[in-house]
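Residue numbers count from 1 along this sequence. Fair warning: this is a prediction, and the values are worked out from it, not measured in the lab.
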Amino acid sequence: MEQTLTPVVGWSLPKRLSFRFFFVFFVFYIFFNPNGVIPFTDSIFGWYIQPFHHLIPWIGHHVLHLSHPITVFTNGSGDTTYDFVMLLFILALAVVGCGIWSWSDRRADAYPTLYYWLTFFLRYYVAVTMLSYGLYKVIKLQFPFPGLSTLLEPYGKSSPMGLAWNFMGYSSGYNYFAGFAEVTAGALLLFRRTMVAGALLAFVVCANVMAMNYCFDIPVKLLSTMLVIMSLYLLSDNFTPVAGFLFGKKQVALRPAPSPRLPNRRLRILWVAGKSLFIGFLAISSGIGLVEARSSYGDAAPHTAYRGIYEVKTFVRNRDTLPPLLTDTFRWKQLVIDGSPAYPFAAIRGMGDSTRGYYSFRLDTAHHRLILTSYRDSTDRYSFHYLFPKEDSLVLSGASKKDSLGIALKLYDWKNFLLVRRGFHWINEFPMNR
């Protein structure tokens, strides 16, 4: 399909060189980090990325001479050694590609059609990412309210990322504010006429996210930085008008986003229909995915049975009642049951006010059995018969390895935590900063 654009004057040499570099760089970055932007591509990505799971470690060992081999790939962290070496690999490809392109196509004076396609894919990549992260904030999936075991942890034992997660998760209002800002930026980027406004808002929002990732050691630094760079690139044609509007005294006009001129009306209709179908499919599939996720985890998910913080009142080991000594490394202080029916879990807290471990939580209501199995060590397992003599009391009797255990616990009302019950106040006669 042949496309033409509105005629443009020849580009300067720096603009041609920078365009060639960024075109190659962004294309390869999206290829290696599709980020779920194109539907149904996860399985394809999983297939074509496998050879690079061998190439990148080879580069790390033989070219960069890293002190340790690369064995961990992109996971919950997007800032692994593999990701940094991959970024270096993409930068090298961009430099080499720009050089080859500049030498072989040195007579070209502009690339209006390629520029249109680059901005088209960049704005959709940023838009879908913004919409995804924004919607997850709006419905409190990315940052849920601090869990029961988290409420028991001292500040000093949290990681910087954990502190940021709990800061965000505490306030639904702040999640709505941040989420709607990201959703608005993503929605504006989907349409060419509002691209500049969307890119400007995306830059502000992503810059804040990037600062948070850097300052709280959140391992999404590379992606957030790339979103900032992409937003700036989408704004690059309007740096001068925006600067003139903000700091100058002259009237300015924004340059519109590039648009293709299709040769006939039928192709124009097909093009608009295709984009509309993609946006509609994206909205429907994302909505279905969010509803399914919301039923499994997050603030709106149903709670698992017997959720709560249980204080240990008596702890019997092999018929010996253990006193609540802080130096006792075996006795429990608290049992926390939390999660949703789809993902129930438990946490055992020792006498030293630290979480000894997290456990999968399985309840057999027919036989009144409660099974705890450590996520880290399957041999660390407890099998109890449970009984609720009172509404706020729990009695466990069973065994762990060679020890017989009898534990009496009392339910603690977690809503008594100051962080939970303080709430919002328009008027504060004195600050409450604790």
Side-chain angles (χ1 to χ4, degrees), residues 1 19-64 66 68-101 104-105 111 113-133 136 186 189-190 206 219-231 233-234 274-275 277-279 281-282 284-286 288-289 292-293:
M1 180 175 64
F19 171 78
R20 292 163 184 158
F21 172 82
F22 281 113
F23 185 92
V24 178
F25 177 75
F26 286 139
V27 166
F28 276 113
Y29 182 85
I30 295 173
F31 177 79
F32 288 115
N33 300 274
N35 210 28
V37 171
I38 302 176
F40 308 119
T41 57
D42 288 344
S43 57
I44 299 175
F45 171 75
W47 173 74
Y48 73 70
I49 200 63
Q50 288 303 316
F52 297 96
H53 285 176
H54 300 283
L55 176 62
I56 298 301
W58 184 90
I59 293 174
H61 179 67
H62 295 281
V63 178
L64 301 178
L66 298 179
H68 59 280
I70 296 176
T71 57
V72 178
F73 305 106
T74 306
N75 46 59
S77 168
D79 295 340
T80 64
T81 304
Y82 166 84
D83 293 301
F84 275 93
V85 177
M86 173 61 83
L87 181 61
L88 185 62
F89 176 66
I90 295 171
L91 284 168
L93 290 177
V95 171
V96 173
C98 175
I100 295 174
W101 187 355
S104 61
D105 197 26
Y111 301 96
T113 301
L114 286 178
Y115 179 65
Y116 165 76
W117 284 111
L118 180 61
T119 56
F120 175 82
F121 284 111
L122 283 184
R123 65 187 177 90
Y124 270 79
Y125 185 89
V126 178
V128 174
T129 305
M130 290 285 96
L131 288 169
S132 175
Y133 278 103
Y136 268 72
L189 283 169
L190 290 175
C206 292
V220 200
K221 295 182 284 293
L222 293 181
L223 175 61
S224 58
T225 303
M226 191 56 56
L227 292 174
V228 169
I229 294 172
M230 289 179 174
S231 300
Y233 188 85
L234 291 172
K275 289 198 295 184
L277 286 173
F278 176 78
I279 294 173
F281 172 81
L282 184 68
I284 294 172
S285 61
S286 298
I288 294 173
E292 292 176 349

Only counting residues at least two apart or in another chain, list the ones meeting side-chain hydrogen bond (donor to acceptor under 3.5 Å, both in side chains) with [X].
X	answer
Thr225	Tyr214
Ser231	none
Ser224	Asn213

Mind telling me whether Phe22 and Phe26 have parallel, tilted or perpendicular rings, with 30° and 60° as the class edges?
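Answer is parallel, since the angle falls under 30°.
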For residues [X] and [Y], determine if any side-chain heavy atom of one lies less than 4.5 Å from a side-chain heavy atom of the other.
X	Y	answer
Leu222	Phe84	yes
Thr119	Leu234	yes
Met230	Cys206	no
Leu223	Tyr29	yes
Phe89	Leu93	yes
Phe19	Leu118	yes

Which residue pairs satisfy the salt bridge (Lys or Arg N to Asp or Glu O under 4.0 Å) criterion with at least one member in residues 74-86, sequence neighbours excluded?
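Matches after skipping sequence neighbours: Asp79-Lys221.
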Output every pair passing salt bridge (Lys or Arg N to Asp or Glu O under 4.0 Å) with a member in residues 45-61, not counting sequence neighbours, ordered by first then second residue.
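Not a single pair qualifies under salt bridge (Lys or Arg N to Asp or Glu O under 4.0 Å).
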So, taking the atom named [atom1] in [X] and the one named [atom2] in [Y], what distance separates them when rounded to the nearest 0.5 Å?
X	Y	atom1	atom2	answer
His61	Ile70	NE2	CD1	11.0 Å
Met226	Ile30	CE	CD1	10.0 Å
Leu131	Tyr124	CG	OH	10.5 Å
Ile279	Leu190	CD1	CG	5.0 Å

Holding to side-chain contact (heavy atoms from CB on, under 4.5 Å), I want the full list of residues that pass it with [X], two or more places apart in sequence or in another chain.
X	answer
Leu64	Ile59, Leu66, Val85, Leu88
Ile284	Ile288
Ala92	none
Val96	Ile100

Expected output: side-chain Asn75 to main-chain Ser77 donor-acceptor under 3.5 Å:
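Yes.
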If every non-hydrogen atom of [X] is compared with every non-hydrogen atom of [Y], which pair is closest and at what distance?
X	Y	value
Thr74	Thr80	N-OG1, 4.2 Å
Ala127	Leu189	CB-CB, 3.7 Å
Phe25	Leu91	CE1-CD2, 3.5 Å

Pair Trp101 + Phe21: ring centers closer than 6.0 Å
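Trp101 vs Phe21: aromatic centres not under 6.0 Å.
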Using ring centroids (six-membered ring only for Trp), state whether Tyr111 and Tyr115 fall under 6.0 Å.
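No, they do not, as the ring centres are separated by 6.0 Å or more.
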In chain order, what residues pass the ring pair (Phe, Tyr, Trp, His ring centres under 6.0 Å) check against Phe28, with sequence neighbours excluded?
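Phe28: no ring pair (Phe, Tyr, Trp, His ring centres under 6.0 Å) contacts found.
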Only counting residues at least two apart or in another chain, list the ones meeting ring pair (Phe, Tyr, Trp, His ring centres under 6.0 Å) with Tyr125.
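Listed in chain order: nothing, the list is empty.
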Please list every donor-acceptor pair under 3.5 Å in which a side-chain atom of residues 47-58 meets a protein atom from a residue at least two apart or in another chain.
unit_1 : atom_1 : unit_2 : atom_2 : d
Tyr48  : OH     : Phe31  : O      : 2.4
Gln50  : NE2    : Gly46  : O      : 3.4
Trp58  : NE1    : His62  : NE2    : 3.4

